[in-house]
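We name chains A, B, ... by the order of the sequence lines, and we start the count at 1 in each one.
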There are 2 protein chains.
Amino acid sequence: MEKENSTLKSLKATEKEMRKNLILQATLTLFGEKQISEVSMRDIAKEAGISAALIYRHFKDRDELFIEAFILKSQEMITTFEHTILEKEIILVEDIGKEFVQYLVHNPLFFKMMTYFMLDHTLVEDHLERFNTTIRELLAIFDTGFKQSGLKQNVRLHSHAFFSALNGIMITFHHYPGRSEKEVEDHIERLTSLISSLFSKID
Amino acid sequence: MEKENSTLKSLKATEKEMRKNLILQATLTLFGEKQISEVSMRDIAKEAGISAALIYRHFKDRDELFIEAFILKSQEMITTFEHTILEKEIILVEDIGKEFVQYLVHNPLFFKMMTYFMLDHTLVEDHLERFNTTIRELLAIFDTGFKQSGLKQNVRLHSHAFFSALNGIMITFHHYPGRSEKEVEDHIERLTSLISSLFSKID
DNA sequence: TGTACATCAGTGAACGCGCGTTCACTGATGTAC
DNA sequence: TGTACATCAGTGAACGCGCGTTCACTGATGTAC
């Protein structure tokens, strides 16, 4: 009895989790299609094939839903990026730069969300903390690169500088006016390799 | 007659220009107080002490008003920054970095607007062009620094990289969580000087 | 096996609001004769 | 100097819309006896 009961309960819980995930996936799909601030609860409901009211059985409000979608996407990023970097024998600062920017270029959705949350003042304390935990995990990977290149001092400071410089390249040039997608990517690659080479000549 | 007529006409034109400027100033004031996307036409009218309908006698729509406000602020930035840099005898890359970031830190309004327009996809072609003209003027100043430091090749590429790296520092860390304003400024300064020193060791 | 009750996913409609923009109008000032 | 007309800054109210969120309700499924 007890056992069956708890199995049923956990089944139900899993189902609930899956429905919640369905909403999150619909949200992410729409984030890819339009400006994040323009995605409405009705849009999401329609995309998920449910009524808007149902979303509120899973998320407190729009803010919470958006943050959870971002956290989900961030964890995916960390996992992929960590895997790409840590499988290498020698972790070069140059590789980290290249791979990170490549990830951003090929996952514009993650990039879009990251900048959205970086520039939005209105994030509540609690949510901001979750966002920053993710960023810190990423910075830890950058640290590894600098340590392996022999840097002894100010490792985290270098990671901050390198990380933010790469962000800056993306933000400043991803909408380079009047250029094709290919040209933009090439330019971003050139800038990334210039910055990366500066950072790897440190020791 | 002819002369008086034209004087009167130009007086009227000046008056009109002043009223237009009043609206622009009200817009900028509100940009400083809240998120740019949250500033409404009614807010602006209230701040300027006029009715919302009057704004439409001076600007085609909200988009045009916002762009003109940004152009105004950008020209102010260019003028100030150019003056600060070009009065120096030797123009060091390090100084450009320091002064530019200092300008952004002390003029959060300009910084806010710049990032708003960089990340907003919805800018019309024509407006985007005006925005980029401003950025190019700024890059020209960066170029001067690199040329004076003896850089012969890829000057504009270096300016792009340096400029975007500084932007990245600002964007990534201006909301460093749980730190005081002073601590944030110090951190940004440290990062700026690290990046600047990398860029000035080039030749 | 049957019945009364509890739980809860799910919904359509509505609430209350603020938005960008337009409209029809007023009234002050200038112009022509 | 007086009068008829044109111009135009300026306005309050309204239009039409979409938003986040809540409410009262349905109906399916599980539970207890």
Side-chain angles (χ1 to χ4, degrees), chain A residues 1-24 26-27 30-31 33-69 120 122-124 127, chain B residues 1-24 26-27 30-31 33-69 120 122-124 127:
Chain A
M1 270 298 138
E2 257 294 293
K3 184 128 184 268
E4 266 175 41
N5 194 304
S6 79
T7 309
L8 264 179
K9 279 235 170 90
S10 86
L11 253 175
K12 279 212 143 192
T14 312
E15 264 180 52
K16 188 162 182 169
E17 205 53 46
M18 281 176 69
R19 264 177 258 117
K20 192 171 167 177
N21 204 56
L22 203 102
I23 296 169
L24 287 168
T27 307
L30 292 170
F31 280 179
E33 289 172 9
K34 49 164 102 178
Q35 289 261 91
I36 291 180
S37 61
E38 280 165 11
V39 172
S40 76
M41 298 303 266
R42 281 171 181 83
D43 287 342
I44 295 166
K46 201 176 167 190
E47 175 72 29
I50 57 173
S51 81
L54 185 54
I55 301 177
Y56 291 86
R57 299 258 180 222
H58 296 274
F59 302 92
K60 194 176 124 271
D61 54 21
R62 191 171 177 259
D63 228 44
E64 190 178 290
L65 168 58
F66 278 26
I67 282 281
E68 293 226 18
D120 197 352
T122 59
L123 279 187
V124 210
H127 289 162
Chain B
M1 270 303 142
E2 256 295 294
K3 182 125 186 274
E4 268 177 40
N5 193 303
S6 77
T7 310
L8 266 177
K9 281 237 170 89
S10 84
L11 252 174
K12 279 213 140 190
T14 312
E15 263 180 54
K16 188 162 181 170
E17 206 52 45
M18 281 175 68
R19 264 178 258 116
K20 193 172 168 177
N21 204 57
L22 203 102
I23 296 169
L24 286 169
T27 307
L30 292 170
F31 281 179
E33 289 172 8
K34 50 164 102 175
Q35 289 262 89
I36 292 180
S37 61
E38 280 166 10
V39 173
S40 76
M41 298 304 264
R42 282 172 180 80
D43 287 342
I44 295 166
K46 201 175 169 190
E47 175 72 29
I50 58 173
S51 81
L54 185 54
I55 300 176
Y56 290 86
R57 299 257 181 225
H58 296 272
F59 302 91
K60 193 176 124 273
D61 55 20
R62 191 171 175 258
D63 228 43
E64 190 178 290
L65 168 57
F66 277 27
I67 282 280
E68 294 226 17
D120 196 352
T122 60
L123 277 187
V124 210
H127 288 162

### Pair Glu47(B)-Thr27(B), side chain to side chain contact (heavy atoms under 4.5 Å, CB included): steps then yes or no
CA-CA 8 Å; Glu47(B) 175 72 29; Thr27(B) 307; over 6 Å; no
### Task
From the options dC19(C), dA9(C), dT21(D), select the nucleotide whose nearest atom is closest to the side chain of Ser40(B).
dC19(C)
Between protein and nucleic acid, restricted to nucleotides 22-28 of chain C and to nitrogen or oxygen atoms under 3.5 Å apart, what atom pairs and distances do you find?
none

### Task
Write down the distance between CD1 (Ile44(B)) and C1' (dC19(C)), rounded to a whole number of angstrom.
12 Å
### Query
Closer than 4.0 Å, any side-chain N/O of Ser51(A) to the OP1 or OP2 of dG10(C)?
no
### Message
So that I can compare with my own list, what are the stems of DNA chain D, taken as at least three consecutive Watson-Crick or G-U pairs with distances under 3.5 Å?
### Response
C:2-33 with D:2-33
### Query
If every non-hydrogen atom of Ala48(B) is compared with every non-hydrogen atom of Ala26(B), which pair is closest and at what distance?
CB-CB, 3.7 Å
### Task
Apply side chain to side chain contact (heavy atoms under 4.5 Å, CB included) to the pair Asp61(B) and Glu64(B), showing each step before the final yes or no.
CA-CA 5 Å; Asp61(B) 55 20; Glu64(B) 190 178 290; 3.6 Å; yes
### Message
Counting C-beta onward and ignoring hydrogens, is there a side-chain heavy-atom pair between Lys46(B) and Asp43(B) closer than 4.5 Å?
### Response
no
### Task
From the options Ile50(B), Leu24(B), Leu65(B), select the one residue that forms a side-chain contact (heavy atoms from CB on, under 4.5 Å) with Ile44(B).
Leu65(B)
### Task
May I have the distance from Asp43(A) (atom CG) to dG18(D) (atom P), rounded to whole angstrom?
11 Å
## Note on the structure
Of dG20(D), dC15(D), dA9(C), the nucleotide closest to the side chain of Arg42(A) is dG20(D)
### Query
Out of dG20(C), dG20(D), dC19(C), which nucleotide sits closest to the side chain of Arg62(A)?
dG20(D)
### Task
Could you tell me the separation between the CD atom of Glu38(B) and the C1' atom of dG18(C), rounded to a whole number of Å?
12 Å
### Message
Measure CD1/Ile55(B) against P/dC19(C) and give the value in whole Å, please.
### Response
12 Å
### Task
Give a yes or no on whether the backbone of Met18(A) and the side-chain of Asn21(A) come within a donor-acceptor separation of less than 3.5 Å.
no
### Nearest-angstrom distance from the residue atom CG of Leu22(B) to P of dA9(D)
15 Å
### Query
NZ of Lys60(A) to CD of Glu68(A): how many Å apart, nearest 0.5 Å?
11.0 Å
### Interatomic distance, Glu17(A) CD vs dC8(C) C1' [rounded to whole Å]
17 Å
### Value in whole Å for how far the P atom of dG18(C) lies from NZ of Lys46(B)
11 Å
### Task
Check the distance between dG20(D)'s P and Asp63(A)'s CG and give it to me in whole angstrom.
11 Å
### Task
Start with the C-alpha distance between Phe66(A) and Phe31(A), add both sets of side-chain angles, then the distance that settles ring-ring contact (aromatic ring centres under 6.0 Å, His included), and finish with yes or no.
CA-CA 10 Å; Phe66(A) 278 26; Phe31(A) 280 179; 4.8 Å; yes
### Message
Set out, in order, the CA-CA distance, both residues' side-chain angles and the distance that settles side chain to side chain contact (heavy atoms under 4.5 Å, CB included) for His58(A) and Lys16(A), then state yes or no.
### Response
CA-CA 9 Å; His58(A) 296 274; Lys16(A) 188 162 182 169; 4.0 Å; yes
### Message
At less than 4.0 Å, is any side-chain N or O atom of Arg19(A) found next to OP1 or OP2 of dG10(C)? Yes or no.
### Response
yes
